[in-house]
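Worksheet for the structure shown next.
Start at 1 and go down the list; that is how both ligands and their atoms are numbered. Just so you know, these numbers come straight off a predicted model, no measurement behind them. Heavy-atom basis, side chains included; hydrogens, waters and symmetry copies ignored.
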Amino acid sequence: MFEDKGVNKILYGGDYNPEQWDEATRDRDMIMLPEAGVDIVTINVFSWARLQLSENDYDFSDLDSIVKRVTEKGMKICMGTSTAAYPAWMAKKYPDILRVDFEGRKKKYGFRHNACPNSPSYRKYSVLLTKRLAEHFANQDNIVIWHINNEYGGACYCENCERAFREWLKDKYHTLDRLNSAWNTAFWSHTYYDWDEIVVPNELSEFQGGKRSQFTGITLDYMRFNSDSMLQNYIDERNAIKEVISDALCTTNMMNVFKGLDYRKWAKEIDVASWDNYPQKFTSPYFDAFAHELIRGLKGGKPFMLMEQAPSMTSWMPINSLKRPGQMRRFSYEAVAHGADTLMFFQMRQSPAGAEMYHSAIIDHSGRDDTRVFRECKAFGEELKKLGKIPLGGVAEAKCAIIFDWPTWWAFEDASGLPSGVRYPDEALRYYRALFESNVPVDIIGPEDDLSKYRLVIAPLFYMVGDKVKDRMAGYVKNGGTLLFTYYSGCVDENAHILQGGYPGSLKELIGARIEERDLLYEDMEHFKCDGVWLPEHVDDMTNSFSYKGVEYPAYKVCDIMYSEGAEVLAVFNEDFYAKQPAVTKNKLGKGSVYYIATCSSNRFYSKLMKDLCDEAGVKDVMDNPVGYVEEWGGVEVAARADDDKTVYYLINHTDEEKEVLFPFDGEELTENIRIECGKSVMLEGTGVKVICVR
Ligand code: GLA
Ligand code: ZN
């Protein structure tokens with residue numbers, strides 16, 4: 001990703017905030033960080049108040065001295081723009097920069113990630129600062145990428161946003177008639193006769209104590225608008241940089257499986273995808289892997305930057321777990337295995353005070369270079385040097401894809417009447433886990449992406465169906481693809497209007513069945529407490545069940561009551577008035593088939609189903625073996641990245657016990673320089689990783 005900037009290894013380093021320290025400490029950093037193998041620092045992420053002292057008083061001298069120091073040490077720079085936290089004087093002078101929250105309260109100065117995206121002052125001063133930075137550092141050759149803002153997120157409901165929302169709506173709908181129809185405003189007498197009657201959907205308007213909006217149309221558009229508003233902030237800064245440095249690369253660090261912003265839309269404006277990974281002790285390895293695939297998929301599978309991870313503990317959880325010896329290395333290789341070309345930390349040195357003073361760093365409060373964490377970081381830094389450029393650039397080649405879409409997520413989770421225990425990402429994760437545990441490479445793609453390179457496509461909770469999507473899916477299946485939908489698919493169009501004519505709307509022909517009713521099962525009474533709904537003393541948890549290939553599996557949360565119209569019925573429900581009606585169907589269409597899973601079930605079921613579908617669709621695991629049925633995962637992940645002349649395999653032991661993997665190729669283990677013979681066992685110590693290059 002940075003070859004033309006002289007980079008020929010995984011860049012290693014991360015957030016460095018020396019503004020907090022004196023000269024002597026900075027000098028020590030410049031000895032200790034290179035000693036730890038650090039060759040890139042992310043600087044200037046939160047320095048606005050120091051860069052701009054007042055309206056016309058800019059001072060980059062401290063930043064200059066930081067840049068000079070790290071440049072002298074030969075380090076690369078990931079240059080922040082400092083616009084994720086504005087100075088206090090700016091908030092006092094230009095209060096339009098302060099957000100109004102969901103409850104309608106005007107915020108005071110404080111915190112970070114706090115600017116109203118539609119504040120004229122914020123838009124003006126963030127761009128001015130970025131432009132000056134770009135001009136100032138236009139010839140700074142060791143800047144490999146610009147890091148715009150930081151973890152965009154949140155929302156604002158101020159009057160500027162309200163006005164901007166109306167403009168956004170005019171742009172989208174042109175006429176009020178079209179808006180009224182798209183939002184079905186005839187319901188509850190919401191018809192608008194003037195654009196100015198439209199107000200932001202928040203606690204004061206369409207929520208009013210409820211967790212879900214009472215008006216999906218406006219709420220869905222506000223999610224889109226808020227995401228677009230912040231994206232515009234990003235674009236404004238990016239343009240300011242590129243006007244000065246035309247070949248600059250720009251990114252902003254994303255956050256995991258994050259609901260607030262339509263990252264797929266954002267990715268079109270971003271040069272290199274990057275994200276921040278903060279697994280805790282209880283985070284399952286498949287969850288991290290899913291997030292890596294999600295971010296990689298945003299740029300069509302190209303390598304991404306791991307912008308931040310913690311060397312050890314974070315500081316923002318109620319209880320922050322320590323990374324055990326070896327875990328940082330393990331998580332790092334997992335990132336690389338799924339497409340990361342940089343491994344960066346938050347942070348280089350621990351803060352002396354403030355919100356993140358207990359967050360881990362390469363250099364901790366002791367300042368020593370013989371702490372466990374420093375030694376581990378250093379050893380890993382050396383290892384990465386040894387690997388050189390071999391891990392870089394290759395792609396994870398997948399024949400299986402999962403569709404994941406932000407507007408669908410928003411429409412599904414914000415509409416009233418849908419079960420509160422069903423979260424959109426969870427359904428994708430259910431299928432992903434099964435594939436992950438079988439070492440099947442997976443891409444996470446959008447509904448508009450090309451399906452033709454996949455043999456198996458999973459469309460979990462394909463609730464919202466865009467105009468053209470259905471025909472493209474039909475084409476994919478007729479050409480031999482295998483496609484899977486789950487319950488709640490085919491319900492609404494892009495305006496969250498019910499697709500008329502019965503469920504699953506326009507997907508009926510594909511699925512070969514119709515769905516008449518939907519049984520929602522009580523399962524977790526806590527959800528009802530949260531929603532403030534009447535809570536009975538006791539309700540037995542309800543499940544149904546179905547039998548698939550002779551084995552009974554539970555049915556949770558949702559049971560679609562289906563009638564086949566041509567689809568083969570592979571499993572039926574066992575209980576209730578819809579006993580004997582389909583739970584799993586398969587519809588042949590052209591050369592391919594469409595599966596429908598009418599309920600939510602156990603891991604055992606998904607493992608079995610994914611094995612069967614992979615076999616049928618000709619999807620192999622990453623080592624080219626037929627996909628096995630994994631009843632209980634052994635805790636070893638195998639993932640790979642390939643380019644023209646080699647494939648690099650990562651064998652990652654997510655357990656504390658020694659494990660063995662039968663490796664089916666001749667290769668070379670790169671961290672220990674050991675020859676690996678085809679068909680022999682490779683031993684992995686607890687938390688161990690082997691990196692095997694096969695040519
Ligand atoms: C986020 C931010 C960083 C820092 C870390 C701490 O990812 O981007 O500035 O706060 O969290 O984990
Ligand atoms: Zn606002």
Side-chain angles (χ1 to χ4, degrees), residues 14-17 19-20 41-48 78 80-86 91 94-107 111-123 126 147-168 199-202 222 225-230 232-233 251-256 258 274-280 283 291 295 305-318 320-323 328 331 344-351 354-362:
D15 279 54
Y16 180 48
N17 302 306
E19 291 85 353
Q20 306 168 83
V41 283
T42 304
I43 54 174
N44 202 39
V45 180
F46 290 104
S47 317
W48 197 344
C78 171
T81 61
S82 274
T83 52
Y86 45 76
Y94 302 110
D96 64 290
I97 208 165
L98 299 162
R99 283 184 186 174
V100 168
D101 72 8
F102 182 73
E103 277 75 29
R105 297 171 302 193
K106 177 80 175 170
K107 294 288 189 180
F111 226 79
R112 63 169 179 174
H113 304 146
N114 49 3
C116 161
N118 292 296
S119 144
S121 307
Y122 179 73
R123 293 193 63 185
S126 59
H147 174 301
I148 293 174
N149 203 289
N150 188 72
E151 294 190 338
Y152 282 97
C156 181
Y157 299 88
C158 76
E159 289 184 355
N160 280 323
C161 285
E162 198 160 72
R163 275 191 287 273
F165 183 43
R166 291 175 192 141
E167 293 309 311
W168 185 93
V199 298
V200 293
N202 66 357
Y222 204 75
F225 159 75
N226 184 60
S227 176
D228 283 1
S229 298
M230 290 187 192
Q232 191 57 50
N233 293 162
T251 187
T252 187
N253 47 343
M254 295 175 166
M255 292 176 282
N256 212 315
F258 177 68
S274 69
W275 82 286
D276 303 340
N277 184 23
Y278 288 105
Q280 301 291 324
T283 310
I295 301 290
M305 292 176 77
L306 187 78
M307 187 62 90
E308 295 179 21
Q309 63 173 338
S312 184
M313 62 167 55
T314 55
S315 61
W316 38 260
M317 290 291 293
N320 295 281
S321 42
L322 196 70
K323 280 185 181 153
M328 179 277 287
F331 284 123
M344 295 156 73
F345 297 108
F346 181 90
Q347 54 191 333
M348 299 296 94
R349 180 186 277 274
Q350 258 182 325
S351 289
E356 302 195 305
M357 64 185 178
Y358 289 117
H359 197 291
S360 61
I362 296 182

Q: Decide yes or no for Asn150 and Glu308: does some side-chain heavy atom of the first lie under 4.5 Å from some side-chain heavy atom of the second?
A: yes
Q.
If I take the Zn ion (ligand 2) as the centre, what angle separates the SG atom of Cys156 from the SG atom of Cys161? Nearest 10 degrees is fine.
A.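 So the angle at the metal works out to 110°.
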Q) Roughly, to 10 degrees, what angle do Cys116 atom SG and Cys158 atom SG form around the Zn ion (ligand 2)? A) 100°
Within the 4.0 Å heavy-atom shell around [X], which atoms of ligand 1 are there?
X	result
Asp276	7 (O), 8 (O)
Glu151	1 (C), 2 (C), 7 (O), 8 (O)
Asn253	8 (O)
Asn150	2 (C), 8 (O), 9 (O)
Phe46	9 (O)

Q: Take the angle between the ring planes of Tyr86 and Tyr122 and call it parallel below 30°, perpendicular above 60°, tilted in between.
A: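 It falls in the perpendicular class, over 60°.
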Would you mind checking which non-hydrogen protein atom is closest to [atom], with the distance to 0.1 Å?
atom	result
atom 4 (C) of ligand 1	Glu356 OE2, 3.2 Å
atom 2 (C) of ligand 1	Glu308 OE1, 3.4 Å
atom 9 (O) of ligand 1	Arg112 NH1, 2.9 Å
atom 6 (C) of ligand 1	His359 NE2, 3.2 Å

Q. Any N or O on Trp316 sitting closer than 3.5 Å to an N or O of ligand 1?
A.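 Looking only at distances, the answer is yes, because the N/O contact criterion of under 3.5 Å is met.
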Test item: side-chain donor near acceptor, [X] and [Y], under 3.5 Å:
X	Y	value
Ser315	Asn320	no
Asp96	Ser121	yes
Ser82	Asn44	yes

(Q) In this structure, is the centre-to-centre distance between the rings of Trp316 and Tyr278 below 6.0 Å? (A) yes
Q) So, does Gln347 sit close enough to ligand 1 that a heavy atom of it is under 4.0 Å from the ligand? A)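 No, Gln347 has no heavy atom closer than 4.0 Å to ligand 1.
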Q. Is the shortest distance from a Lys or Arg side-chain nitrogen in Glu167 or Arg163 to a carboxylate oxygen in the other one below 4.0 Å?
A. no
(Q) Tell me if a side-chain donor or acceptor on Thr251 pairs with a main-chain N or O of His147 at a distance below 3.5 Å. (A)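 No, because the side chain of Thr251 does not come within donor-acceptor range (under 3.5 Å) of the backbone of His147.
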Q.
Does Gln280, at its CD atom, have more than 12 non-hydrogen atoms belonging to other residues, nucleotides or ligands within less than 6.0 Å?
A.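 More than 12 heavy atoms, drawn from other residues, nucleotides or ligands, come within 6.0 Å of this atom.
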